[in-house]
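Before any comments, here is the structure.
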Amino acid sequence: MAEGWQRKFRDGPIDLPDGRSLVTLKDAGDYITKLPKKESALPVWQAAIHALMLCSEGADTMLARIGVLKALKRNEPDPPPAPRRKAAKKFKVIR
């Protein structure tokens, strides 16, 4: 089994907007290092970098996957909230 930066993401590759895929931690690290300095300095990318480093040292790759996906989707609008349910009818118990 691969160790360190050669580890694959547990739930499969991360698809990028340009059609490429990030399969290993190294792929994700290379992708982030090629980002413009202004973009890679954003807190969301810094968190993804930190997660990648933790995963390269043995943490679960799901942590890095979540960090990278969150950074990739940072400009997408939040989904609309679920419709609120009506309040339950109140009944009075008579004894």
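Within the structure, side-chain hydrogen bond (donor to acceptor under 3.5 Å, both in side chains) pairs that include any residue of residues 82-95 do not occur (at least two apart or interchain). Each side-chain hydrogen bond (donor to acceptor under 3.5 Å, both in side chains) pair with one or both residues in residues 14-24, not counting sequence neighbours, appears once here: D15-S21, D18-R20, T24-D27. For residues 51-68, every residue pair satisfying the salt bridge (Lys or Arg N to Asp or Glu O under 4.0 Å) rule, not counting sequence neighbours, is listed here: R10-D60. Screening residues 29-56 for side-chain hydrogen bond (donor to acceptor under 3.5 Å, both in side chains), with sequence neighbours left out, gives K26-D30, E39-R74.
At a threshold of 4.5 Å between side-chain heavy atoms, the hydrophobic network of Ile, Leu, Val, Met, Phe, Trp and Tyr places L16 and I66 in two separate groups. A single hydrophobic cluster is seen to contain both I49 and W5, as judged by linkage of ILVMFWY side chains at heavy-atom distances under 4.5 Å, directly or through other members. Under the 4.5 Å side-chain heavy-atom criterion for ILVMFWY residues, no single connected hydrophobic cluster contains both L54 and M62.
Among all heavy-atom pairs drawn from G29 and L52, the shortest one is N-CD1, 3.9 Å. Of all non-hydrogen atoms in A64 and A51, the two that sit nearest each other are CA-CB, 3.9 Å. Taking each heavy atom of A48 and I32 in turn, the nearest pair found is CB-CD1, 4.4 Å. Considering all non-hydrogen atoms of both residues, L25 and F9 come closest at CD2-CE2, 3.8 Å.
Open room surrounds CE on M53; 12 or fewer heavy atoms of other groups in view lie less than 6.0 Å from it.
The hydrophobic cluster of V23 has no other members, since no ILVMFWY side-chain heavy atom comes under 4.5 Å of it. Think of F91 as one node in a network of Ile, Leu, Val, Met, Phe, Trp and Tyr side chains linked at under 4.5 Å; it has no links at all.
To the nearest 0.5 Å, atoms CD (E3) and CD (Q6) are separated by 11.0 Å.
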(request) Give the C-alpha distance, both sets of side-chain angles, the deciding distance and a yes or no for side chain to side chain contact (heavy atoms under 4.5 Å, CB included) between K8 and T61. (result) CA-CA 8 Å; K8 293 183 178 183; T61 58; over 6 Å; no
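Between L22 and P13 there is no side-chain heavy-atom pair separated by less than 4.5 Å.
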